[in-house]
Amino acid sequence: MVRENMEEGLLTSRYQLPPNETKPTGNGADGDGLTDNLNMPSQPAASSLTLVLVFCTFVAVCGSFSYGCSLGYSSPAETGIMEDLDLSLAEYSVFGSIITIGGMVGAILSGKIADLIGRKRAMWFSDVLCTVGWLAIAFAKNALWLDIGRLLIGLGVSIFCYVVPVYIAEIAPKSYRGSFASSNQLMTSSGFAIMFFVGTFISWRTLTMIGAIPCVVQIIGLFFIPESPRWLAKCGREKEFEASLKRLRGENSDISEEAAEIRDYIATLEQQTEASFLELFQRRYANALIVGVGLMLLQQLGGNSAVVYYTSRIFKESGISGSLGLQVLAVLQVPAATIGLLLMDRSGRRPLLLVSASGLCFSYFLQGLAFCFKELPNLKALTPPLALSSTLIAATAFTIGLGGIPWIIMSEIFPINVKAQAGSLVTLVNWSTAWIMTYSFNFMMDWSLVGTFFFFSGISGLTVLFVAKLVPETKERTLEEIQASITHFM
C-alpha cells in the first residue's frame with residue numbers, strides 16, 4: 001500500500017515534473033582551470049559535469065574518509081592501547097563504543113546545524129571537532145583523554161554522515177548524482193581499509209595522526225568550493241544561488257531551467273511549511289519517513305557496526321589470525337566500494353540494495369554454519385575457511401549497497417523544508433541503533449555464536465523484503481521530482 005501511495009503521489013502532486021533531459025555526449029574541454037566545463041558549450045545544466053563539481057565532491061568526501069578512519073581505528077589499536085595505558089577490557093570497551101554516544105548527540109544537532117549555518121560551515125565545524133578528538137587520543141596519557149577524544153570524533157563524524165551526502169546530492173546533476181554520492185561510501189571504505197591494513201604495522205599513536213589528515217585537508221579545501229545552491233535558494237540569497245549554480249555547472253551552461261525548477265519547488269514548499277519539528281510527522285511525509293528511518297534501522301540491526309568493531313574477536317573465535325584477517329578484509333574494501341560507485345547510476349539504488357541485503361543474508365547464514373561446525377569434531381576444520389569467506393562476502397555485500405545507499409536515499413527523498421528535522425531523526429536512529437548493537441554484541445556472542453549470526457541473517461532477509469516493497473528508485477531523477485513523487489501536498 002505504501003509503495004502504491006508513492007507511485008500515486010507522482011500523479012497527484014501539485015508539483016509539475018519537468019521533461020527528462022538527455023545525458024551529455026560532449027568529450028572535450030577548453031582547459032581553463034576549475035571552472036571549465038568538461039563537455040561541449042551550451043549544454044543543459046542538468047547534465048553538466050565540471051572540474052568544479054569533481055573538486056567539490058572530493059573536498060566533501062574527505063569527511064567520509066575521516067568517518068571511515070574512526071570506524072576502523074578501534075580494532076587494530078586495541079592491543080597497543082591496552083598495553084601502553086594499562087587499560088582493562090571494560091575500559092577499552094567504553095573507549096570503543098563511546099563514539100556512538102557522541103554520534104547520537106551529533107545526530108540530534110546535525111540537521112539543524114547544516115540548516116542554520118550552511119553545508120560548508122557544518123563541515124568546518126565537524127572538522128574542528130574531529131581534529132581535536134584525534135589529537136586528544138594521540139597524546140592521551142589515560143583512559144579519560146581517550147574517551148574525550150573518541151566522544152568528540154563521534155560528534156564530528158555524525159554530522160559528516162548527514163551533511164556530506166546532502167551537500168553532494170544538492171550540487172550534483174541528476175545524471176551523475178548516484179555516482180558522485182557513492183564516492184561517499186568509497187572514501188569511507190578507504191579510510192576503514194587504511195586503518196585496518198596500516199594499523200597492523202604502526203603504533204596506535206601514529207595511526208591516530210593518519211585519522212586527522214583528511215580533516216586538515218578538508219578545512220583547507222572548503223575555502224575554495226561554493227555553498228550548496230539549494231540551501232542558498234532556500235535562504236533567499238538569489239545572487240549567491242545563481243553564482244554557485246553557474247560555477248558548479250560551468251560558465252557555458254544554461255542554468256535557467258534548473259534554477260527555475262529549484263525556485264518553483266522551494267516556493268511550493270514555503271506555502272506548506274510551518275517550521276516545526278512536528279511538521280515532519282504529518283501524513284504527507286509518512287512515505288519518506290518510513291523509507292528513511294526503515295533503511296537506517298535495518299542497516300544497523302543487521303549487525304555491521306558490531307562486526308566491524310569486534311572483527312578481531314570474530315576471527316579469533318573462528319581460529320583465524322586476527323592480523324591476517326584484518327589485512328585481507330582491508331584489501332577487499334576499496335575494490336568493493338569502487339564496484340558500487342560504478343554501478344550506482346547504471347543499475348540504480350534498489351537493485352544494489354537488494355543484492356547487498358541478499359548477500360548479507362547468505363553470508364551471515366554461512367557464518368552461523370561455520371560456528372555450528374566448530375562444535376562438530378568431523379567438521380571443525382571447515383570453520384576457519386568458511387568463517388573467513390563469509391566475512392569477506394558480508395564486507396563486500398555491505399560496501400556495495402547498504403553501507404552507503406541509505407545515506408544517499410536519505411539525502412534525496414526529504415524536501416528541503418524538513419530536511420534538517422528528517423536528517424537529524426534518521427541520523428539519530430542510525431547512531432542509537434549502532435550503539436545498541438555494539439554494546440550488546442559481546443553479550444550476544446557469549447550467549448550463542450551461532451544464534452548471533454542467524455539473527456543477523458534474518459534481519460538481512462527482512463531488509464530484502466523492505467526494499468522490494470517500499471523503497472523507490474531515485475536514479476536519474478532530480479531531487480524535486482523524487483520529493484514530489486514521494487510527498488503528498490494537500
Side-chain angles (χ1 to χ4, degrees), residues 66-109 125-161 191-192 194-216 300 304-317 322-323 326 431-446:
S66 182
Y67 173 51
C69 290
S70 71
L71 289 178
Y73 179 79
S74 60
S75 188
E78 180 175 357
T79 302
I81 290 178
M82 291 181 67
E83 290 177 354
D84 290 355
L85 300 184
D86 194 26
L87 300 186
S88 66
L89 181 61
E91 288 174 319
Y92 192 80
S93 295
V94 171
F95 168 73
S97 61
I98 201 170
I99 188 173
T100 56
I101 304 296
M104 285 188 282
V105 176
I108 296 172
L109 303 173
F125 181 64
S126 300
D127 285 321
V128 172
L129 290 173
C130 289
T131 303
V132 173
W134 285 115
L135 291 175
I137 295 173
F139 296 102
K141 300 297 183 182
N142 52 49
L144 176 62
W145 283 104
L146 284 176
D147 293 342
I148 291 173
R150 189 77 166 163
L151 185 69
L152 289 173
I153 291 172
L155 284 166
V157 297
S158 67
I159 298 173
F160 279 139
C161 284
F192 175 84
I194 285 178
M195 287 292 175
F196 263 39
F197 190 82
V198 178
T200 60
F201 302 107
I202 64 177
S203 72
W204 62 273
R205 292 188 189 275
T206 305
L207 189 65
T208 304
M209 302 309 293
I210 293 176
I213 292 173
C215 298
V216 176
Q300 293 299 336
N304 179 73
S305 292
V307 170
V308 165
Y309 288 170
Y310 300 105
T311 302
S312 293
R313 180 182 175 183
I314 295 171
F315 284 147
K316 289 176 183 177
E317 294 283 357
S323 59
L326 292 179
W431 280 92
S432 57
T433 311
W435 176 78
I436 292 171
M437 298 309 298
T438 53
Y439 179 80
S440 62
F441 184 73
N442 280 326
F443 299 106
M444 293 174 68
M445 292 279 282
D446 290 338

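Reckoned from all heavy atoms, side chains included, excluding hydrogens, waters and symmetry mates. Small disclaimer: the values here were computed from a predicted structure and weren't measured.
Remark: W204 engages no residue in a ring pair (Phe, Tyr, Trp, His ring centres under 6.0 Å) (not counting sequence neighbours). With sequence neighbours left out, the side-chain contact (heavy atoms from CB on, under 4.5 Å) criterion links S158 to W431. L151 meets the side-chain contact (heavy atoms from CB on, under 4.5 Å) test with I98, I101; sequence neighbours excluded. Listed by chain and number, the residues in a side-chain hydrogen bond (donor to acceptor under 3.5 Å, both in side chains) with T208 are Y73 (sequence neighbours excluded). With sequence neighbours left out, F201 forms a ring pair (Phe, Tyr, Trp, His ring centres under 6.0 Å) with F197. Every residue two or more places apart in sequence or in another chain was checked for a side-chain hydrogen bond (donor to acceptor under 3.5 Å, both in side chains) with E78, and none qualifies. Legend: residues meeting side-chain hydrogen bond (donor to acceptor under 3.5 Å, both in side chains) with S203, ordered by chain and number and at least two apart, are T206. Every residue was checked against the ring pair (Phe, Tyr, Trp, His ring centres under 6.0 Å) condition with F125, not counting sequence neighbours, and none meets it. Applying the side-chain hydrogen bond (donor to acceptor under 3.5 Å, both in side chains) rule to D446 yields the partners R313; only residues at least two apart in sequence or on another chain are considered.
Of the residues listed (V157, L155, V216, L152), the one engaging C130 in a side chain to side chain contact (heavy atoms under 4.5 Å, CB included) is V157, and it is the only one.
To the nearest 0.5 Å, the span separating CD1 on I159 from CG on L129 amounts to 6.0 Å. Of the inter-residue distances, the one linking I153 atom CD1 with S66 atom OG reads 7.0 Å to the nearest 0.5 angstrom. How far CG of L71 is from CD1 of I99: 6.5 Å, rounded to the nearest 0.5 Å. Note that the OH atom of Y67 and the OG atom of S126 stand 13.0 Å from one another [nearest 0.5 Å]. To the nearest 0.5 Å, atoms CE (M104) and CD1 (I436) are separated by 8.0 Å. With values rounded to the nearest 0.5 angstrom, M195 atom CE is found 4.5 Å from L207 atom CG.
Put simply, the side chain of R150 gets close to the backbone of S70: a donor and an acceptor are under 3.5 Å apart.
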Indicate every side-chain donor-acceptor pair of residues 131-138 with a distance under 3.5 Å to a residue at least two apart or in another chain.
{"unit_1": "T131", "atom_1": "OG1", "unit_2": "D127", "atom_2": "O", "d": "2.7"}
{"unit_1": "W134", "atom_1": "NE1", "unit_2": "G211", "atom_2": "O", "d": "3.2"}

message: Run the side chain to side chain contact (heavy atoms under 4.5 Å, CB included) test on L85 and Y92 for me, step by step, so that the C-alpha distance in whole Å, both residues' side-chain angles and the decisive distance to 0.1 Å come before the verdict.
response: CA-CA 10 Å; L85 300 184; Y92 192 80; over 6 Å; no
- request: Go through the steps to decide whether I194 and C69 satisfy the test side chain to side chain contact (heavy atoms under 4.5 Å, CB included), and finish with yes or no.
  value: CA-CA 7 Å; I194 285 178; C69 290; 5.7 Å; no
- request: Tell me, with the steps shown, if I81 and F95 meet side chain to side chain contact (heavy atoms under 4.5 Å, CB included).
  value: CA-CA 10 Å; I81 290 178; F95 168 73; 3.9 Å; yes
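In this structure, M437 and Q300 approach most closely via the heavy-atom pair CG-O, 3.3 Å. In terms of heavy atoms, A143 sits closest to L87 at CB-CD2, 3.8 Å.
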